[in-house]
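Residue numbers run from 1 in the order of the sequence given. What's counted below: heavy atoms across the whole structure, side chains too, no hydrogens, waters or symmetry copies. The model shown is predicted, which means the values in this text are computed figures rather than measured ones.
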Amino acid sequence: MSAMSARSAHTRRRADAGFVLDVRSLGRRAGTMKELQRRVAAPSRIGPDLIAVPEGGEIDLDLRLEAVSEGVLVTGTVRADVVGECARCLESFQDSLELPITELFAYPDSATEQTTEEGEVYRVADEHVDLEPAVVDAVVLGLPLQPLCSEDCPGLCAECGVRLAIAGTEHRHETMDPRWAGLAAKLGEITRNEPDVSEQEK
């Protein structure tokens with residue numbers, strides 16, 4: 001192999017870094033396992049509109065990689081800090097997320113790989129697995145669409161919009177049945193126009 005060919009092959013070789021894991025050490029021997037802990041940065045914002053792992057946020061992976069007959073089974077836990085906006089009171093808050101992950105990465109020549117369409121199963125490529133799509137899917141599915149800063153968040157006052165959590169239990173507004181509003185206005189006008197009895201007695 002020429003020097004140029006060697007350099008090209010080295011360039012094409014995938015790096016064991018970030019979400020990409022080198023599985024060559026498993027050797028396709030069913031039952032062979034290894035454990036791995038890794039901290040990676042989120043390549044972009046991960047999550048629905050109101051809550052997400054921010055871009056650059058740290059994601060901790062605690063994984064076990066196991067060779068099985070059809071590929072590499074990856075199991076473990078994904079942990080990350082998330083930032084969100086409460087769906088009730090609209091205040092920003094921070095929380096932590098911990099999710100299980102279980103994914104099979106099929107070998108290129110396995111029955112699973114040959115009998116599934118593109119996108120139906122993750123695949124081993126060049127003796128590496130790329131966890132990023134699986135982690136993104138797990139995080140998006142694990143986050144609530146209507147996040148809350150706390151389970152008992154009272155939300156906002158429907159009348160004035162103040163946060164009820166800081167307004168206190170005494171916060172309230174006088175309400176009147178709209179059917180009586182016109183009569184109340186008339187009575188108020190009559191009261192204002194009535195002469196002062198004390199002035200008449202003088």
Subject >> Close side-chain approach of R28 and E127, heavy atoms under 4.5 Å >> reply: yes
**OP:** Taking all non-hydrogen atoms of both residues into account, name the closest pair between F105 and D130 and its distance.
**Re:** CE2-O, 3.6 Å
**OP:** Give the cluster check for L104 versus L26: same hydrophobic cluster or not, with ILVMFWY residues linked at side-chain heavy-atom distances below 4.5 Å.
**Re:** no
**OP:** For D95 and D81, run side chain to side chain contact (heavy atoms under 4.5 Å, CB included): C-alpha distance rounded to whole Å, both residues' side-chain angles, the deciding distance at 0.1 Å, then the answer.
**Re:** CA-CA 6 Å; D95 202 354; D81 291 331; over 6 Å; no
Subject >> Steps toward salt bridge (Lys or Arg N to Asp or Glu O under 4.0 Å) verdict (E35, R64) >> reply: CA-CA 4 Å; E35 295 184 346; R64 185 177 73 173; 5.9 Å; no
**OP:** Please report the closest heavy-atom contact between A30 and S69, naming both atoms and the distance.
**Re:** CB-N, 4.4 Å
Original post:
Looking at side-chain heavy atoms only, is the closest gap between T77 and L99 below 4.5 Å?
Top reply: no
Original post:
Rounded to the nearest 0.5 Å, how far does CD of E66 lie from CG of L73?
Top reply: 6.0 Å
Subject >> Gap between atom CG of D22 and atom NE2 of H128 - 0.5 Å precision >> reply: 3.5 Å
Subject >> Distance-minimising heavy-atom pair for I51 and L143 >> reply: O-CD1, 3.8 Å
Subject >> Any side-chain heavy-atom pair of L21 and L36 under 4.5 Å >> reply: yes
Original post:
Honestly curious: do V40 and L97 fall in one hydrophobic cluster under the side-chain, below-4.5 Å linking rule?
Top reply: yes
Original post:
At what distance, to the nearest 0.5 angstrom, does SG of C153 lie from CZ of R88?
Top reply: 6.0 Å
Original post:
If you take all heavy atoms of D137 and Y122, which pair is closest and at what distance?
Top reply: OD2-OH, 2.8 Å
**OP:** Report yes if the side chains of P147 and C86 come closer than 4.5 Å at any heavy-atom pair, otherwise no.
**Re:** no
**OP:** Can you see which heavy atom on L63 is nearest to which on V74, and at what distance?
**Re:** CD2-CG1, 4.2 Å
Subject >> Within 6.0 angstrom of Q94 CD, more than 12 heavy atoms from elsewhere >> reply: no
**OP:** Taking the side chain as every heavy atom from C-beta outward, state whether L131 and L61 have any atom pair closer than 4.5 Å.
**Re:** yes
Original post:
Under 4.5 Å between any side-chain heavy atoms of V121 and T112, yes or no?
Top reply: yes
Subject >> Minimum-distance pair of heavy atoms, taken over all atoms of S25 and T32 >> reply: O-CG2, 4.4 Å
Subject >> I101 reachable from V140 in the ILVMFWY side-chain graph, under 4.5 Å edges >> reply: yes
**OP:** Indicate yes or no: at least one non-hydrogen side-chain atom of I59 is less than 4.5 angstrom from one of I46.
**Re:** yes
**OP:** For the pair R24 and D126, find out whether any cationic side-chain nitrogen is under 4.0 Å from an anionic carboxylate oxygen.
**Re:** no
Original post:
How long is the span from the CE atom in M33 to the OG1 atom in T75, to the nearest 0.5 Å?
Top reply: 9.0 Å
Subject >> Side-chain heavy atoms of P43 within contact of F19, under 4.5 Å >> reply: yes
Original post:
Do R39 and E58 meet the salt-bridge criterion of a basic N to acidic O distance under 4.0 Å?
Top reply: yes
**OP:** Can you measure from CG (D60) to CZ (R38) and round to the nearest 0.5 angstrom?
**Re:** 12.5 Å
Original post:
Heavy-atom count around D49 CG within 6.0 Å, excluding the residue itself: above 12?
Top reply: no
Subject >> Lys/Arg-Asp/Glu bridge criterion (N-O < 4.0 Å) met for E55, R45 >> reply: no
